[in-house]
Structures are given as C-alpha cells and as structure tokens.
Protein chains: 2
Amino acid sequence: MENHRLQEALDSLKSTKVRMTPQRHAILEFLFNAKTHPTADDIYKALEGKFPNMSVATVYNNLRVFKEVGLVRELTYGDSSSRFDSNTSDHYHVICEDCGKIVDFHYPGLDEVETLAEHVTNFKVKEHRMEIYGACPECHKLKQH
Amino acid sequence: MENHRLQEALDSLKSTKVRMTPQRHAILEFLFNAKTHPTADDIYKALEGKFPNMSVATVYNNLRVFKEVGLVRELTYGDSSSRFDSNTSDHYHVICEDCGKIVDFHYPGLDEVETLAEHVTNFKVKEHRMEIYGACPECHKLKQH
DNA sequence: TATACTAATTGTAAAGATTATAAAGTAAGA
DNA sequence: TCTTACTTTATAATCTTTACAATTAGTATA
Ligand SMILES: [Mn+2]
Ligand SMILES: [Mn+2]
Ligand SMILES: [Zn+2]
Ligand SMILES: [Zn+2]
C-alpha cells in the first residue's frame with residue numbers, strides 16, 4: 001500500500017541518470033515509511049545495522065539527490081539539525097516546543113498573503129513557509145501537574 | 001528619535017539584575033540602530049574597531065541575554081547563521097533567495113490558522129512563524145537580462 | 001559474460017556556527 | 001573603598017554539514 005509511493009519514487013529515479021544502490025534504496029525506503037520527520041543522523045543510525053560500513057556522507061549525499069529531484073523536502077528548524085519529509089505535497093507543521101514532536105497540518109489559504117507581500121514589497125514571490133509552535137497534548141497535560 | 005527605543009531597552013535591563021558594560025551597550029545600540037537583520041558575526045565585525053579585544057563569545061552571551069528579556073528576536077533560517085531583530089513587534093519577513101535581503105512585512109491575520117491548528121491537533125498553540133521567499137526587485141530585474 | 005565508463009560510497013579531514021570552560025576583569029551596591 | 005557576583009576574554013570543544021581523494025560498484029555496451 002505505502003510501497004506504491006516508494007515504487008513511484010524508484011521509477012522516477014530510474015528515469016534519470018541516478019543509479020540505484022543498496023544504500024540509496026534503503027535510505028529512500030526508510031524515508032518513505034517514516035511516520036516522523038527524521039534527521040540525517042536518525043537515518044544513519046536506523047540503517048547502521050543493515051549497513052555497518054555506510055558513511056554519514058552517503059546519507060547526506062543521497063538526501064541532496066532526493067531533494068534535487070523533488071522526492072523529499074528539507075525542514076530547517078533553527079537549532080540543531082535539518083529534518084526530512086518524504087511528503088512533498090503542500091502541508092504545514094505543528095511543532096511541540098517541549099518534546100520536539102512534529103505533526104502534519106493541512107490548511108488551504110495563505111495565497112493571499114503571498115499576493116499582498118508581492119504588492120507591498122515588489123518582490124517576485126515564489127513560496128512561503130509557516131510553522132505553528134506550542135505544546136502537544138501529552139506535554140501540555142504534564143505541565144498541569 | 002530612535003534612541004527612545006534604545007533608552008527603554010536600557011531601562012528595562014537596569015530594572016533587572018543585568019549589569020551594563022561598554023560591550024553590552026554597544027551591541028544593544030548597534031542592534032537598535034540596524035536597518036538590516038544582522039548575524040552575530042555582523043555585530044562582531046561591526047564593533048571590532050571600537051572593541052579590538054572583544055570576544056565573539058561576548059556577542060553570543062549578550063544576544064542570549066537580550067533574547068531572554070525579550071529585547072531581541074532570533075531569526076533562524078535553515079542554512080548558515082541566525083539573524084537578530086530588535087523589532088519584537090509582530091511582523092513577518094520577505095526574503096530574497098538570491099541576495100539574502102530581508103524585508104519586514106506586516107500582515108494582520110493568521111490568528112485563525114492558530115485556532116484551527118489547535119482544534120485539529122489538540123496542541124496548546126503558543127505562536128507561529130511565517131516567511132515569504134522570492135526574488136527582490138533588484139535581483140529579479142537582473143534575471144530578465 | 002566481460003569490458004569500460006562513470007557515478008557512488010567510504011573514510012577522513014575541514015569548515016562553520018555555536019557553546020563550554022576557567023581565569024581575569026569589572027559593575028554596582030554596601 | 002570593599003566586596004561580590006556578574007561579565008569578559010581566550011581558547012578548546014562540540015555539532016552539523018561539506019569537501020576531497022581513493023576505492024568500489026552500477027549499468028550500458030560489445
Ligand atoms: Mn510533514
Ligand atoms: Mn524584522
Ligand atoms: Zn510534546
Ligand atoms: Zn535580492
């Protein structure tokens with residue numbers, strides 16, 4: 001079922017001059033099955049059992065390739081490391097400031113914000129990003145002792 | 001005229017147990033007069049004429065103090081270094097992806113986005129961030145050769 | 001299947017930003 | 001002026017990410 005998206009990704013890679021390697025396949029598979037938004041190090045640690053000699057550079061190299069063909073999106077939150085999302089459809093994230101949990105959040109609008117910004121600043125607007133911060137239900141409950 | 005905001009900031013620091021030092025004063029003054037959104041290194045370089053022996057750690061230490069009392073805001077853009085904004089009133093930023101220029105942008109709404117996110121995710125929402133990306137007028141003109 | 005070409009991986013070094021630490025200096029109140 | 005706790009300085013350390021060169025290995029072709 002979820003392998004459908006993975007298969008599509010593999011096909012789209014094959015259609016370019018990107019070679020398939022066991023490491024590359026494993027990284028892609030891990031990303032497409034991930035329910036979270038893993039860091040490069042998460043991926044590296046998750047696969048070190050299967051590929052004891054894999055270099056951390058391989059993880060970064062592949063993430064760059066996947067980004068370039070549009071298969072994954074990089075989420076850059078100020079502190080610490082980038083996170084990667086194999087869901088490239090338009091969606092936002094709600095982030096818990098206490099435990100770091102990241103939840104997908106769909107919202108329709110915000111096109112008008114881009115339009116207004118374009119008018120006011122004379123920029124040629126291409127995209128925007130938005131995140132919502134707060135406390136997840138679990139962390140919020142804990143804080144009410 | 002702009003010294004009014006600076007004076008308020010100095011007073012608010014004095015009202016706590018934060019001591020005033022020449023370095024601290026200079027960093028704060030630079031931030032409050034800055035029209036751009038400088039990085040820690042920008043500040044460090046701008047003041048090295050006046051304080052040849054100032055440590056880069058002093059810049060970071062003070063920025064942390066200023067953040068803690070709410071005098072400045074840290075802007076974390078994925079790649080490279082954080083930027084700092086002495087304008088802590090609610091506003092957004094429009095960023096040029098070519099030259100890095102950052103322009104302030106005021107927009108009223110987005111409270112409903114927080115409300116909806118709260119309902120959908122059961123998070124206790126505290127804040128949100130949004131930036132708009134594109135090409136500034138100058139860079140856009142250049143690309144049309 | 002063997003060959004050849006080129007991309008990919010590996011291991012390590014390097015870069016860049018930020019933080020930690022300890023010693024020395026100094027602001028501010030008594 | 002004295003005292004004390006806060007601050008600065010200098011430097012090392014940490015963390016993430018990238019660069020590099022040598023080795024390995026996909027894939028197209030004969
Ligand atoms: Mn997501
Ligand atoms: Mn601003
Ligand atoms: Zn949480
Ligand atoms: Zn520009």
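Only a predicted model underlies this, so the values are computations on that prediction, with no experimental measurement involved. A note on names: the letters A, B, ... follow the listed sequences, proteins ahead of strands, and every chain is numbered from 1.
Whole-Å rounding puts the A:H25 NE2 to C:dA7 P distance at 22 Å. When rounded to the nearest whole Å, the span between CZ of B:R83 and C1' of C:dA17 equals 13 Å. When rounded to the nearest whole Å, the span between OH of B:Y77 and P of C:dT18 equals 14 Å. Atom CG of B:L63 and atom P of C:dT18 are 9 Å apart (whole Å). Spacing between atom CE of B:M20 and atom P of C:dA28 amounts to 8 Å, rounded to whole angstrom units. Between B:R24 atom CZ and C:dT26 atom P there is a gap of 15 Å when expressed in whole angstrom units. Summarising the geometry, the separation between NZ on A:K14 and C1' on D:dA28 is reported as 14 Å, rounded to the nearest angstrom. For the pair A:L13 CG and D:dT27 P, the computed distance is 11 Å after rounding to whole Å.
In summary, of the residues considered (B:D42, B:D85, B:V103), a side chain to side chain contact (heavy atoms under 4.5 Å, CB included) with B:H37 occurs for B:D85 alone.
Counting distance only, with no hydrogens placed and no angle test, the side-chain atoms of B:R19 and the base atoms of D:dA5 include a donor-acceptor pair under 3.5 Å.
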Under 4.0 Å protein heavy-atom contacts per nucleotide of nucleotides 9-24 of chain D, with B for base, S for backbone only and - for none: BB-----SSBB-----

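Under the 3.5 Å distance criterion, the side-chain polar atoms of A:R83 are left unmatched by any main-chain donor or acceptor of A:I102. Between the side chain of A:S82 and the backbone N or O of A:E74 there is no donor-acceptor pair closer than 3.5 Å.
Look at B:T21 and you won't find any side-chain N or O under 4.0 angstrom from OP1 or OP2 of C:dA27.
Counting heavy atoms of neighbouring residues, nucleotides and ligands inside a 6.0 Å radius, atom CG of B:D11 exceeds 12 of them.
The side-chain heavy atoms of A:L71 and A:L31, taken from C-beta on, include no pair separated by under 4.5 Å. Side-chain atoms of A:Y107 and B:V120, non-hydrogen and from C-beta on, never get closer than 4.5 Å to each other.
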